[in-house]
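Notes follow once the structure below has been shown.
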Amino acid sequence: MSEFENVVIQKINEVIENTSTASWIQNLVSTLAGVIFGFFLTIISNRIGQLKYYIVSSSVEYLGKSPRGSFEKADFNENVESCQIEITIDFHNTSQSNIGIRKIEIIIEEKNVKKSLEVHDLETRRIEKVFIVSDTVEILNIEPHGVMRKKAICFYRL
């Protein structure tokens, strides 16, 4: 054995001689209790995370029928039939696990009646034949400590 190994063994023997059996068991139990307690705190803190959302921007445009029968932007005092609501939302996942969102909706309350509006994803907007269409927002998966921005649109008939 090398001189270094001899010194290490000698130090270990000194520690063992100076430690009584009762204090050694007590130290072991305390250490294990600390590890178990830390494990449970970690599990609890991972599950406490939240999903936060921030409205970055929003706009409302009123739509009225043109003489040709199509919808055009209109002032509120004209023959308005519906409105278009565009909204940009940031979702922030503060937990350490993925969070899924299944349904995003805008709820409008008018004369104590609540109406739920279907939200469409502006990023999927496309032209099909003569119409502009977009897909509904169905499922969003937000990664741990991640931020996702969604641009959405919905229509409300007045």
Contacts of E110 meeting side-chain hydrogen bond (donor to acceptor under 3.5 Å, both in side chains) (sequence neighbours excluded), chain-then-number -> Y156

Across all chains, not counting sequence neighbours, the side-chain contact (heavy atoms from CB on, under 4.5 Å) partners of I142 are L51, F91, N93, I101, M148

With sequence neighbours left out, the residues meeting side-chain contact (heavy atoms from CB on, under 4.5 Å) with N98 are N141, E143, P144

Applied to residues 85-95, the salt bridge (charged side-chain N to carboxylate O under 4.0 Å, His left out) test, sequence neighbours excluded, yields D90-R149

_Do D121 and K151 have side chains that approach each other closer than 4.5 Å (heavy atoms only, starting at C-beta)?_
no

By salt bridge (charged side-chain N to carboxylate O under 4.0 Å, His left out), E118 pairs with (sequence neighbours left out) none

(message) Measuring only between side-chain heavy atoms, which start at C-beta, is I85 closer than 4.5 Å to L117?
(response) yes

Sorted by chain and number, sequence neighbours left out, side-chain contact (heavy atoms from CB on, under 4.5 Å) with E61 holds for K73, Q84

Hits for salt bridge (charged side-chain N to carboxylate O under 4.0 Å, His left out) against R102, two or more places apart or cross-chain, chain-then-number order -> none

For residues 50-59, the side chain to side chain donor-acceptor pair (under 3.5 Å) pairs (sequence neighbours left out) are S57-T88

Residue set satisfying side-chain contact (heavy atoms from CB on, under 4.5 Å) with I107, at least two apart, ordered chain then number -> E105, K114

Practice task
Start with the C-alpha distance between Y62 and C83, add both sets of side-chain angles, then the distance that settles side-chain contact (heavy atoms from CB on, under 4.5 Å), and finish with yes or no.
Solution key: CA-CA 4 Å; Y62 298 101; C83 69; 3.9 Å; yes

